[in-house]
Amino acid sequence: MTVVTRFAPSPTGFLHIGGARTALFNLLFSRHHGGKYLLRIEDTDKQRSTAEAVQQILDSLAWLDLSPDEPPLFQSTREARHAEVAHQMLAAGRAYFCYCTPEELQQMRERAIKEGRPPRYDGRWRDRDPKEAPPGIKPAIRIKAPREGETVVEDLVQGTVRVANTELDDMIILRSDGTPTYLHAVVVDDHDMGITHVIRGDDHLTNTFRQVQVYRAMGWDEPRFGHIPLIHGADGSKLSKRHGAVSVLEFREMGYLPEAVCNYLLRLGWGHGDAEILDRDEAIRLFDTDGVGRGAARFDFAKLTALNAHYLRKADPARLVRETLERLARRTELAVGAHAKARLAALMPGLQERARTLAELADSAAFLAHPRPLPMDAKARAQLTPEAKIALRELGAALGATDWSVAALEAATRAFAESRAMKLGAVAQPLRAALTGSTQSPPIFDVLGALGREEGLARIEDAAR
RNA sequence: GUCCCCAUCGUCUAGAGGCCUAGGACCCCACUCUUUCAAGGUGGUAACACGGGUUCGAAUCCCGUUGGGGACGCCA
């Protein structure tokens, strides 16, 4: 049997980071088993579904390299099929018309809760003759769920999960307006799409018992289910906006790399020995449901950031130059032209190993694109003592006479310091302040080299004034 | 309220009865390297929720307690 998985988001908003992990697990699982990974947009709620949300989800998945193997299936296009199946169940005596009004059901729920009973449909139309139907009411179709025994699901993650059938009620599969409910549509679509493994959030675990009834009523093979735990915020509650970012696109904006996000998401709730750094190929090779944990995991920005720093360090400098240029171009105080681009390309190896996110990278690179005079932060200004300024002026003169290569610049500076009986640091720090406006930067001679003779000497002169 | 699921350092996790003096990663703290900051290297702090069993032996199996999460819609 070829494995077929799917990710099935509803387009009522942006793609949640938890949804991204579900998509990742589905992709990894199918790839690991040599199968297919599909996408289904669950847009049957016409009030809340939007085309923008669909596009955002597609963009988010593409960014994370989690695009499906085939174009997405839109659930709304399959309503006729959903209704058809519901009517087949009706004909087979596995479903029935229910003439209750929403108000009536509401009352039923309220009374049950007041009396301390679970709020469930009491099955009042289950065996009633449709001839007794009240006039003028369009019926909904309910499934005839078993009332005795228990329903057991062998979950790939949670193990054997069982529930007494008395806990289940006869859920609506087709609304009175003829549209399918989620619980019904999901099953019909999963069956028709040939889904063999349903990997989704833990919050669907109890739904599974209801969905299984549809498979059984239709005599369809049931897929295997794997319910992965939800992601929580740092305080242990369900991850939401107040925990910081939750939208995948927000993570992109904050400067996280897609491969880092995927690696982090993979390790959130899944483990394989001591493996921490896993690229896509390695993840596909090792991923399986037996490595998925059963408890909810908390989202930790510190670890994501550490992982991001790792990937940033080994990323292709050319790629980072492009990304950084894009961010710098948004800053009006900078002059992002050919000079800046060349300087950035020259210094990127030194910059990228010092930044943890693309946002930090852009911050640390901004000095390269800043027109003179360069603004100084407080610590940098403190470096420029009267003595330091004198030394800088003389150093400038010395450097002006040297070949503008990193090695020559370093040699000249070391010779200069030695001639003054100064420690290299005593010269290098004021120089760093002059060149970068900061006390932290890549190796200072690399900076000097990247800046070029004209700009480098000019900045030294500015600072020596 | 009812049902379902979960429970190892602060966080993510390894651990499938003896290999556990509980390992790794992140965070934090020292030291080291060093022109700064990072990175790297070395070392350190830190956990089996609790109570009963089962067993020669339990982080690992069973029961209970506590704590957390989820689901109970003509939403998805």
Side-chain angles (χ1 to χ4, degrees), chain A residues 8-12 42-45 47-49 75 98 100-102 105-106 109 112-121 138 140-142 155 157-159 161-164 166-169 171-177 179-183 185-186 201-210 227 229-230 232 234 236-238 264 267-277 293-307 309-310 313 350-351 353-356 364 379 383 410 413-414 417 423-429 431-433 436 438-445:
Chain A
S10 62
T12 53
E42 310 236 314
D43 55 349
T44 49
D45 184 341
Q47 308 304 317
R48 301 195 298 149
S49 299
Q75 191 161 59
C98 170
C100 288
T101 60
L105 295 170
Q106 183 62 27
R109 264 193 297 278
I113 289 169
K114 209 160 73 187
E115 291 170 9
R117 287 180 290 112
R120 275 188 277 275
Y121 177 67
K138 278 191 170 169
I141 297 179
R142 286 184 185 270
D155 194 273
V157 175
Q158 306 294 342
V161 185
R162 52 184 70 224
V163 71
T166 50
E167 299 297 326
L168 273 26
D169 65 357
M171 65 171 177
I172 290 178
I173 55 177
L174 208 66
R175 298 187 187 101
S176 48
D177 66 0
T179 60
T181 58
Y182 163 75
L183 257 12
V186 164
D202 219 348
D203 49 341
H204 290 283
L205 185 55
T206 49
N207 282 335
T208 306
F209 297 104
R210 299 160 157 262
H227 288 93
L230 266 19
H232 288 167
S237 68
K238 195 170 177 173
Y264 178 69
R267 287 288 293 106
L268 242 200
W270 175 88
H272 184 89
D274 288 342
E276 293 284 352
I277 305 290
R294 300 199 287 178
R298 300 187 186 202
F299 197 93
D300 181 15
F301 276 93
K303 186 148 185 179
L304 201 215
T305 304
L307 221 33
H310 169 86
R313 257 176 259 129
L351 290 168
E353 62 178 86
R354 288 169 172 73
R356 299 181 302 169
S364 70
K379 284 182 180 172
Q383 284 292 332
E410 175 164 1
T413 306
R414 284 186 186 277
K423 287 214 277 192
L424 183 58
V427 180
Q429 275 306 82
L431 178 59
R432 191 182 315 276
T436 71
S438 153
T439 52
Q440 303 173 11
S441 81
I444 200 59
F445 306 111

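Just so it is clear: chains get the letters A, B, ... in the order the sequence lines come, proteins before strands, and each one is counted from 1.
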What is the separation between atom [atom1] on [X] and atom [atom2] on [N], rounded to the nearest whole Å?
X: A:Asp43; N: B:C75; atom1: CG; atom2: C1'; result: 14 Å
X: A:Gln158; N: B:G69; atom1: CD; atom2: P; result: 16 Å
X: A:Leu230; N: B:C12; atom1: CG; atom2: P; result: 14 Å
X: A:Ile141; N: B:G73; atom1: CD1; atom2: P; result: 20 Å
X: A:Asn207; N: B:G73; atom1: CG; atom2: C1'; result: 11 Å
X: A:Leu168; N: B:U2; atom1: CG; atom2: P; result: 18 Å
X: A:His272; N: B:A16; atom1: NE2; atom2: C1'; result: 15 Å
X: A:Phe299; N: B:C26; atom1: CZ; atom2: P; result: 17 Å

Residue matched to [N] through Watson-Crick or wobble contacts both under 3.5 angstrom:
N: B:U54; value: none
N: B:U36; value: none
N: B:C9; value: none
N: B:A16; value: none
N: B:A71; value: B:U2
N: B:A46; value: none

Determine yes or no for a side-chain-to-main-chain donor-acceptor pair under 3.5 angstrom, with A:Thr305 supplying the side chain and A:Phe301 the backbone.
yes
Donor-acceptor check, side chain of A:Arg142 to backbone of A:Met171, threshold 3.5 angstrom: yes or no?
no
For atom [atom1], what is the distance between [N] and [M], given to the nearest Å?
N: B:G70; M: B:A76; atom1: C1'; value: 15 Å
N: B:G44; M: B:C27; atom1: C1'; value: 14 Å
N: B:G68; M: B:A22; atom1: P; value: 29 Å
N: B:A30; M: B:U45; atom1: C1'; value: 11 Å
N: B:G57; M: B:A25; atom1: C1'; value: 31 Å

Look at all strands and tell whether [X] reaches a base, only sugar-phosphate, or nothing, counting heavy atoms closer than 4.0 Å.
X: A:Gly269; value: sugar-phosphate
X: A:Arg432; value: base
X: A:Ser49; value: nothing
X: A:Cys98; value: nothing
X: A:Pro9; value: nothing
X: A:Arg267; value: base
X: A:Glu353; value: base
X: A:Ile444; value: base
X: A:Pro443; value: base
X: A:Ile172; value: base
X: A:His204; value: base
X: A:Glu276; value: base

Does the side chain of A:Ser441 pick up a donor-acceptor pair with the side chain of A:Arg432 at under 3.5 Å?
yes
Do [X] side-chain and [N] base share a donor-acceptor contact under 3.5 Å?
X: A:Arg294; N: B:C5; answer: no
X: A:Arg162; N: B:C4; answer: no
X: A:Asp202; N: B:G70; answer: no

Taking only the side-chain heavy atoms of [X] (C-beta and beyond), determine which of [options] contains the nearest atom.
X: A:Asp300; options: B:C26, B:A76, B:U36; answer: B:C26
X: A:Arg120; options: B:C75, B:C12, B:C72; answer: B:C72
X: A:Ala428; options: B:C26, B:C37, B:U35; answer: B:U35
X: A:Thr181; options: B:U36, B:A76, B:C72; answer: B:A76
X: A:Asp203; options: B:A76, B:U2, B:A71; answer: B:A71

Give a yes/no answer on whether the side chain of [X] brings an N or O atom under 4.0 Å of OP1 or OP2 in [N].
X: A:Arg175; N: B:A76; answer: yes
X: A:Thr206; N: B:C72; answer: no
X: A:Arg313; N: B:A39; answer: no
X: A:Arg109; N: B:C74; answer: yes
X: A:Arg414; N: B:U35; answer: yes

Mapping A:Glu167 and A:Arg48 onto RNA chain B by nearest heavy atom, which one lands closer to the 5' end?
A:Glu167
Between A:Tyr182 and A:Val161, which residue's closest nucleotide on RNA chain B lies nearer the 5′ terminus?
A:Val161
Nearest-0.5 Å distance, CG of residue A:Asp155 to OG1 of residue A:Thr208
7.0 Å
Output for pair (A:Asp202 CG, A:Arg294 CZ), nearest 0.5 Å, gives 11.0 Å
Give the minimum heavy-atom separation between A:His227 and A:Gly201, together with the two atoms involved.
CD2-O, 3.4 Å
Tell me whether the rings of A:His204 and A:Tyr182 are parallel (<30°), tilted (30 to 60°) or perpendicular (>60°).
tilted
A:Val163/A:Leu168 under side chain to side chain contact (heavy atoms under 4.5 Å, CB included): CA gap, chis, key distance, verdict:
CA-CA 8 Å; A:Val163 71; A:Leu168 273 26; 4.1 Å; yes
Under the side chain to side chain contact (heavy atoms under 4.5 Å, CB included) rule, what do A:Tyr121 and A:Ile172 come out as? Steps first, then yes or no, please.
CA-CA 10 Å; A:Tyr121 177 67; A:Ile172 290 178; over 6 Å; no
